[in-house]
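Inspection log for the structure reproduced underneath, given as structure tokens.
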Amino acid sequence: MTKLASIQTEIHLVLSQVKETLLEETAELLKSKKRIFVIGEGRSGLMAKSFAMRLMHLGATVYVVGETITPSIAGDDVLVAISGSGKTKSVVWTAEAAKSLGCYTIAVTTDSSSPLANTASSIITIPASTKYRKEHELDSIQPLGSLFDQCAHIVFDTICLCYAEQNKVEFATAFKNHSNLE
Ligand SMILES: O=C([C@H](O)CO)[C@H](O)[C@H](O)COP(=O)(O)O
């Protein structure tokens with residue numbers, strides 16, 4: 001099997017275990033909140049930023065935690081916290097802080113019994129392998145948490161597609177919101 005084919009098989013194996021109804025419900029939940037905040041470290045953080053960018057194109061008010069112009073969070077906002085391992089301290093701490101401020105928090109992780117999952121209002125479990133390669137984790141030919149990152153990216157794009165459909169956002173409207181300074 002080629003590397004490309006192996007990676008596609010890995011992604012398929014993981015995503016076949018993620019329920020699309022959960023992603024539809026997540027899109028509804030995101031719309032029901034005033035603002036969306038996202039957080040993640042490293043490559044999980046890059047996935048978080050890409051999710052935030054597309055949500056912005058779709059008309060959401062969305063911020064990346066830690067960026068210079070990100071305002072304070074409030075009880076009617078939602079935090080999406082991404083961590084493959086579910087134990088990266090800054091992400092867990094932020095989720096705990098948001099929860100203590102009354103926010104709804106969504107954990108996106110491989111481990112539904114991780115500290116991040118334990119603090120979350122709801123969990124999207126993506127059963128991929130992480131950099132820790134724990135016994136229960138799916139095998140992957142790829143280094144570190146690449147499989148989690150890829151699957152998280154597709155999960156986020158599926159949520160965005162649901163969000164666009166549910167709110168009747170035309171792709172042309174999304175394109176108008178895209179940066180015109182590049
Ligand atoms: O950047 C990362 C690393 O390359 C693993 O693929 C991780 O995303 C980063 O270390 C954060 O870890 P998690 O919170 O477990 O996603």
Side-chain angles (χ1 to χ4, degrees), residues 1-19 22-23 26-27 29-30 35-56 60 62-68 70 73 77-101 103-160:
M1 203 187 261
T2 64
K3 291 181 182 62
L4 270 177
S6 298
I7 291 173
Q8 286 180 66
T9 303
E10 289 183 0
I11 292 171
H12 176 72
L13 214 62
V14 172
L15 291 182
S16 62
Q17 297 175 70
V18 178
K19 286 205 168 66
L22 175 63
L23 307 186
T26 302
L29 187 280
L30 292 178
R35 301 174 302 173
I36 304 162
F37 289 67
V38 301
I39 183 162
E41 291 293 341
R43 281 175 57 122
S44 292
L46 296 177
M47 301 307 121
K49 284 183 179 176
S50 124
F51 184 38
M53 181 187 190
R54 192 62 85 232
L55 285 169
M56 175 276 287
V62 54
Y63 297 100
V64 177
V65 175
E67 294 204 337
T68 42
T70 297
I73 198 166
D77 298 325
V78 54
L79 175 79
V80 183
I82 300 113
S83 171
S85 62
K87 62 181 196 181
T88 300
K89 284 194 169 53
S90 54
V91 180
V92 176
W93 182 86
T94 302
E96 284 169 354
K99 198 178 180 191
S100 74
L101 290 164
C103 302
Y104 192 95
T105 58
I106 302 173
V108 181
T109 180
T110 66
D111 186 353
S112 56
S113 58
S114 61
L116 179 64
N118 287 337
T119 189
S121 314
S122 64
I123 308 163
I124 298 176
T125 307
I126 300 178
S129 47
T130 67
K131 59 190 171 192
Y132 296 113
R133 295 297 150 104
K134 288 188 188 160
E135 254 176 46
H136 70 272
E137 290 181 4
L138 193 85
D139 217 14
S140 172
I141 60 164
Q142 305 180 71
L144 306 168
S146 291
L147 183 57
F148 172 74
D149 308 333
Q150 291 151 0
C151 294
H153 188 74
I154 295 171
V155 161
F156 290 142
D157 273 349
T158 307
I159 294 171
C160 286

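Whatever order the structure lists them in is the order used to number ligands and atoms, beginning at 1.
At the top of the distance list for atom 8 (O) of ligand 1, counting protein heavy atoms only, stands Ser44 N, 3.0 Å. The nearest heavy-atom contact from the protein to atom 11 (C) of ligand 1 is Glu41 O, 3.5 Å. Closest to atom 15 (O) of ligand 1 among all protein heavy atoms lies Ser85 OG, 2.7 Å. Nearest protein heavy-atom contact of atom 2 (C) of ligand 1 is Arg43 N, 3.6 Å.
Using a 4.5 Å cut-off on side-chain heavy atoms (C-beta onward), Val108 and Met47 make no contact.
When the heavy atoms of Lys87, Lys89, Lys131, Gln142 are ranked by distance to atom 9 (C) of ligand 1, first place goes to Lys131.
Residues Glu41 and Thr88 have side chains that never bring a donor and an acceptor to within less than 3.5 angstrom of each other. No hydrogens or angles considered: a donor-acceptor pair under 3.5 Å links the side chains of Ser140 and Glu10.
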Evaluation steps, side chain to side chain contact (heavy atoms under 4.5 Å, CB included), between Ile82 and Phe156: CA-CA 11 Å; Ile82 300 113; Phe156 290 142; 3.4 Å; yes
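In Asp149, the part holding a heavy atom less than 4.0 Å from any atom of ligand 1 is the side chain.
Each of Ile124, Val155, Thr125, Ile123 was checked for a side-chain contact (heavy atoms from CB on, under 4.5 Å) with Leu22, and the lone residue meeting it is Ile124. Of the options Val91, Leu79, Ile73, a side-chain contact (heavy atoms from CB on, under 4.5 Å) to Val65 is made by Leu79 and by none of the others.
At least one N/O-N/O distance between Gly84 and ligand 1 falls below 3.5 Å. For the pair Thr88 and ligand 1, the shortest N or O to N or O distance falls below 3.5 Å. Polar contact check, Gly145 against ligand 1: a nitrogen or oxygen pair lies under 3.5 Å apart.
Atom NZ of Lys19 has 12 or fewer heavy atoms from other residues, nucleotides or ligands within 6.0 Å.
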